[in-house]
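Everything on this sheet refers to the single structure shown next.
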Amino acid sequence: FFFAMSAELIVDHHCHPFWKGCHFKDSATEDEFQQKYAPAAVRVTALWAITILCSNIIDILPTIRADVEMVHFLANAPTTLLAIMTLLLVFCCPPKYANLIASIAAVLCSAGRGVELQLQTLKAQQHGHVDLFAALEGDKLATQALVGVVTSVGVHQHLSLYGVQLLLFVALGLSQTTLAALVLSAVGYVGATASVWAPYLPRHVGVVGVCAPVVGTVFTLLLGRNIAMSRRREFFLARNFEEALNTAVQAGRKADSVLNHTLKNTMAEAADGLDSLIEEPQWSDRQAQTLETCVASLRRGMRACRHRQAYIHMASDKYVLSLQPLRLARFVADLTAGRRMACSVSASSAVMVDPTMCGLVLDNAISNAFRHGHPEDPEVKLVVTTTEIEERVRLTFLLTNRANPSRPTVTPEYIDRVLSGESRKAGASTSAMSDQIGLQHAFLAADLHNMETSLVQVGTQVEFKALMDVAVAPDVQDSHDDLYAVDLAKFPSGVRIHAIDDSAATRELLKHNLLLRATPSVHMYGEKHAEVAQFIHGAAADADLVILDQHLEYGDPDNVLGTELIPQLLARGFAGFICMRSGNVSSDDVAMYLEAGAHSVFGKEIPLKQMIDDMKVAYVRHSQEQADTASTASSCITISKEHHPVHHTCHPPPVLMNGPQIRVWQ
């Protein structure tokens, strides 16, 4: 009760008085309200017009075959035409004008009823019917019968039609237009009834004919205000609830994003640290294998963080596929690292797929095979094949495992129950940790990527198959590995690298690996906020290659984004290679980094060894493209000077920023 009362007071505070239509004081809120209720006003207005039209038809039909003068038909003509015009206008005009159309139509309908009464009175006078009251003055029964007829025709019929009109105003609710129309309609009905029949009706009938519209109008005003305020209260509370919910959702997403980012960075640091330890010679083969398994688990955790972001976008129908060149052998090796399973990849060329969606499908399928397969040895095996189909390639992923004899047999009916969630409700899962959501996400991602998926059990073997038709990556040839090795060997030994990161562990690991695998000239920044300016100054003056972390956190208001530092570097004349390394590498993030001026983008889940090798290849290819561009531009200038000194110019081909030099492994 108190909540309802407080809500009413809040709404009243935000609305104008009732004589101004109870409109919201905020125009944007009022526009949203009108947009929500405009379709209902259209339907109500149309129903009222149809009611008037049917009433007139019913009034005319009995007199069609009788000897009735044209004046009777003309009396109904105004309201009939008005009803037809109202129907046309209310369906042809935008819904926001429904209230205005209904109000004007109601006032004109009142005027039309007045015209009808005048015509009926004129007809009675022409036939001398009005003299019947004087002729029957001595006959009380005949006079009462005549009064009843006149009351029925002149008062009751029109009051009933006016009642229909009042229902229209009640349904529309209170507004400035309906308020004005209600008052004018009441004046019109009262004036028409009183002026025409007052001389011939008893006093009590005249009082009823005048007072009834007045009372109905007042009642309609009160009821209309209550309905208008109820609608606005409902709208206001729903709007505030939606805003509060959106605020809570956005806050939750922000907190989730922060946690997601922190987890990925933490796991990346741990994985890179373990990678560095694995290379030391004191470990036995078993110990090294255990460390590699831990590293693979950490990298799977980083992939799971990104998959969570993909889940959110898929659930809200906002995920957009991002097709990228993907070399299947490396992709499968990363997916299966640290897992005791057999793999076979017969495809050598790169294909265009969405790595996030493809990885999500296979990650969940592999996890499902281990979790629900045979408890002793699930014998998980993944076979990847390609078949050429005209200009495209059919890519097939076949994952098999031994079935768990204690679990239900995998049938189409069982899969349907799992995907619909019925098996969880029925308690079909035998594991307390299994909610079968992973399988649902896998099938959802497969549908988004146009994969044909199936999960069947043949005897003791469970088979998961995913088929998809993809294009071969146009810029990756079969000799990619050879070219990669050649370009890797071309990386100059004296390249000067400057890098900035706010994590001490990352700085140490990155510097160690860069010194070991790239160049002896490495400068690290980012321990404190003051080193941001030192990085800008030092990199602009001395660096050939820079590596930036996107999120440099030193506490508000000193937090800095890597994309904010790139323009500062370019403004100081930096012309080297810019590499962005971040835990957030969604398609939107990558587009933002490239737009800021980065040449290469790496996710933090990529092992440092692989990241440094890819960065070296990207640097070599970028340098070669710059040299080719400069050579082409020089040749064009020479030709222009020799042959076309004034009128012709030559533009070098653009450098492709989303080609092989950009490394985004998802």
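The chain is numbered in sequence order, starting from 1. Heavy-atom basis, side chains included; hydrogens, waters and symmetry copies ignored.
Counting only heavy atoms from C-beta outward, the side chains of Glu243 and Asn240 approach each other to under 4.5 Å. By the 4.5 Å heavy-atom criterion applied to side chains, Phe241 and Leu237 are not counted as neighbours. Leu565 has its side chain within reach of Leu552: a pair of non-hydrogen atoms, C-beta onward, lies under 4.5 Å apart. Considering only heavy atoms from C-beta on, Asp589 stays 4.5 Å or farther from Ser582 through its side chain. Residues Thr563 and Met580 are in side-chain contact: their nearest non-hydrogen atoms beyond the backbone lie under 4.5 Å apart.
Each of Asn559, Val560, Asn584 was scored for a side-chain contact (heavy atoms from CB on, under 4.5 Å) with His551, with one residue passing: Asn584. Of the residues Leu88, Leu89, Leu87, the one that meets the side-chain contact (heavy atoms from CB on, under 4.5 Å) test with Phe91 is Leu87.
Annotation for Met468 and Val353: closest pair CE-CG1, 4.1 Å, computed over non-hydrogen atoms. Taking both residues in full, the closest heavy atoms of Met352 and Pro325 are given as SD-N, 3.6 Å, listed atom of the first, atom of the second, then distance. Nearest approach of Thr217 to Leu166, heavy atoms of both residues: N-CD1, 4.3 Å.
The line from CD of Gln550 to CE of Met592 is 4.5 Å long, rounded to the nearest 0.5 Å. Atoms CD1 and CH2, on Ile52 and Trp48 in that order, are 5.5 Å from each other to the nearest 0.5 Å. Here Arg239 contributes atom CZ and Lys36 contributes atom NZ; the two are 11.5 Å apart, rounded to the nearest 0.5 Å. With values rounded to the nearest 0.5 angstrom, Tyr319 atom OH is found 11.5 Å from Leu444 atom CG.
No cation-pi contact links Arg231 to Phe33, judged by a cut-off of 6.0 Å to the six-membered ring centre and 45° from its axis.
For Val170, the side chain to side chain contact (heavy atoms under 4.5 Å, CB included) partners two or more places apart in sequence, or in a different chain, are Thr220, Leu223, Ile227. Applying the ring-ring contact (aromatic ring centres under 6.0 Å, His included) test to His449 and every residue at least two apart in sequence or in another chain returns nothing.
Between the side chain of Glu30 and the backbone N or O of Lys25, no donor-acceptor pair lies under 3.5 Å.
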